[in-house]
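Here the structure comes first, spelled out in structure tokens, and everything after it is commentary.
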Amino acid sequence: MSDNLLDIQNLHLEFHTYDGVAKVLAGVDLTVRRGDVVGLVGETGCGKSMTALAVPRLIPMPPGKITAGQVLFNGEDLLAKPDDAMEQFRAQHLGMIFQDPTTNLNPLFTIREQLVDAVLYQRANDQRVPGRWLGWLPSAKQMRKEAYDRAVELMRLVGIPDGDKRIHEYPHQFSGGMRQRVLIAMALAGEPDLLIADEPTTALDVTIQAQILRLIKSLVKQFNLTVLLITHNLGVVAKTCETVAVMYAGRVIEKAPVRELFKNPQHPYTQGLINAVPTKYTQRGGLEGIPGLIPNLIDAPPGCRFHPRCPHVMDVCREVVPGEFWIAGEHSVYCHLYGDEA
Amino acid sequence: MNLRYYLMRRIFLIIPTLIGLSVLTFSIARLVPGDPVGLAAGPQATPEIRETFRRNFGLDKPLPVQYLTYMQGIFRGDFGESLYSRRDVFEDLKRFFPATFELTVMAIFIATVLGVPAGVVSAMYRNRIPDHISRVISLFFVSFPAFWLAMIFQTVLGRELGLVPIGRRFSIVEAPPNTVSGLYILDSIIARDLDSLWLSLRHIFVPALVLSFSALASITRITRASMIETLEKDFVRMERAIGIPYQLIITKYVLRNAFIATLTVISLNFGWLMAGAVLIETIFDWPGLGLYAVESSLSLDFQPIMGITIIYGVVFSTINIITDMLYGVLDPRIRYG
């Protein structure tokens, strides 16, 4: 078995809109090694979440359309799987947490109802869950009972006090942080191989953010999880991840171990990003942004998509999409500055 | 608890509603041009006879006095008597109301049982073949005039195929079940009389089906729209992402959210169907309130008109309260107080 749990290769995703075809992902390359915590950063609209949603195949199609590329999980292409097999796959191998804990829990059902179902259906395939109309069967009752016990256990694992009582409450009776804990419990119910966390702390306030990040980190150890963490917050990346991939306008442009990326950013965009983070040495008014705006993906710039904003732009950048150039060790960058053409 | 307080308050508030309704109906019924006495006494009546008529029914008194006298009677259970037939209005209502009520409940039941699954299937296969089929069928049935469809069903199913009786609530030769509620289906069940139950169901099926069509269409459409809206919600994506089977997501998690809108439409339709049952009742010779109401209105027979209006008012208000309670059952975030 290969070392890579998840290997996204040359993923192209288009959205058909009234204004034209938006090339949202234009050749995303990303690998996640077993046991790694990989951060995927980039600004709003750069395709981070779309990359994340492409793995469980949750992008609405239409209007979305994957035109090229592969999403390999343990060497198996997920894009080629039939729909029902994909449902099984999501249940058994995948956990996912999302940005907004208020909208991601179903408001009309108790935590118990939702968490027990999560436990039941994420079990391995050896035991079929009886249909709803067979709930009176002793075996079904037994399964529900076991699932319930596991659900209470999960409530404890994600740090919800009085989990055995609070499990009977509704989502609106929980605070935002507690709801996110519930969602984490649901995602981990089946002990997934891969946890995709799509901006898990963005909707929370800063103290709760820190708690949730700490929780995720401890669960990673406990469950031996592999995590793909999507965020636009470099601080979160620095605290949580081991490797980072930076995205810009539908492409990954730089990949590196986290310390290396912060110490030694190579892509002009990454350099700009890191310069834009205020530090204790930043003077008033001294924060540097990246000039220009993110490109319109319907009419994206040819060649390197960053070239209109790049301070080091060369002729080749305007025409040729840069390939992957290795800097050192596991640090690679998609930029012509480091290629043979420069 | 709060719920009991809320329920008491709601029930109590029916009273002012009904008083307002009765004032309005009374005024309209008595102020429209036309002379009920003239109609009731007949064209040959002399002025003296009319005068006697008028005095006997208390119609010579000022309107407010008449109204108060009438309302006093109602609180004693006395709804007056018809100018025309001289029958006791309360007895008539007791006879006709259960027939209409049973028909309406049955129609709403059919509309819900057929409409909700149709809406769910439509939403699941949005803009694909099943959705188009359900759209065409519901448009078809809602577009044809109900009385025309009623006659077609009556002719084809009743006369040509002989599957169902062509009209009436019950067989002419056999005795209906012991009257407890006046609802034949319920009474048959209470009496454990399977023959009566079967007969009642056979009689009610086609009229209720035809009556249900307009409601069926709107229930299907609103369920579809509401399902589609709910399917876009974040929690559906979350449920799919963690591997809850899609079928379970639809039938359990999404449907409950979507049903709140459907419930509103069901309760609205209940009122409309009950008021609109008259056409169906006429065609199927269904001895209901609708027919009674039309006859009374045509002859300006205001005592039955008042009685019918008040009954409708009570039913509407009750349905509203029940609907509001059901919202709370569906959505735990709704609190009463």
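Letters A, B, ... are given to chains in the order of the sequence lines, protein chains preceding strands, and every chain is numbered from 1.
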For A:F89, does the CZ atom have more than 12 heavy-atom neighbours from other residues, nucleotides or ligands under 6.0 Å away? yes

Pair A:D117-B:E239, side chain to side chain contact (heavy atoms under 4.5 Å, CB included): steps then yes or no: CA-CA 10 Å; A:D117 271 346; B:E239 283 156 0; over 6 Å; no

Rounded to the nearest 0.5 Å, how far apart are NZ of B:K252 and CG of A:L108? 12.0 Å

So is B:R333 actually on top of A:Y170's ring, under 6.0 Å and inside 45° of the axis? no

For B:K233, does the NZ atom have more than 12 heavy-atom neighbours from other residues, nucleotides or ligands under 6.0 Å away? no

Which value, rounded to the nearest 0.5 Å, describes the distance between A:D198 atom CG and B:M238 atom CE? 14.0 Å

Heavy atoms only, distances under 4.5 angstrom: which of A:M96, A:Q173, A:Q114 has the most pairs with chain B? Name it, please. A:Q114

Got a donor-acceptor contact below 3.5 angstrom from the A:Q122 side chain to the B:G243 backbone? no

Sort A:I196 into side chain, backbone, both or neither according to what part of it lies under 4.5 angstrom from a heavy atom of chain B. neither

Say you draw a straight line from CZ of A:F98 to CG of B:D234; how long is it, rounded to the nearest 0.5 Å? 8.0 Å

Does atom CD1 (B:I129) have a neighbourhood of more than 12 heavy atoms from anything else shown, all under 6.0 Å? no

Working to the nearest 0.5 Å, report the span between CZ of A:R57 and CZ of B:R240. 9.5 Å

Which distance, rounded to the nearest 0.5 Å, do you find between the CZ of B:F235 and the CG of A:L183? 12.0 Å

Among B:I260, B:N257, B:D331, B:V236, which has the most heavy-atom pairs under 4.5 Å with chain A? B:N257

Working to the nearest 0.5 angstrom, can you tell me the gap between B:I242 CD1 and A:N104 CG? 10.5 Å

Applying a strict 4.5 Å limit to non-hydrogen atoms, the region of A:Q99 in contact with chain B is neither

Is it true that a side-chain atom of A:N106 and a backbone atom of B:Y253 form a donor plus acceptor pair closer than 3.5 Å? yes

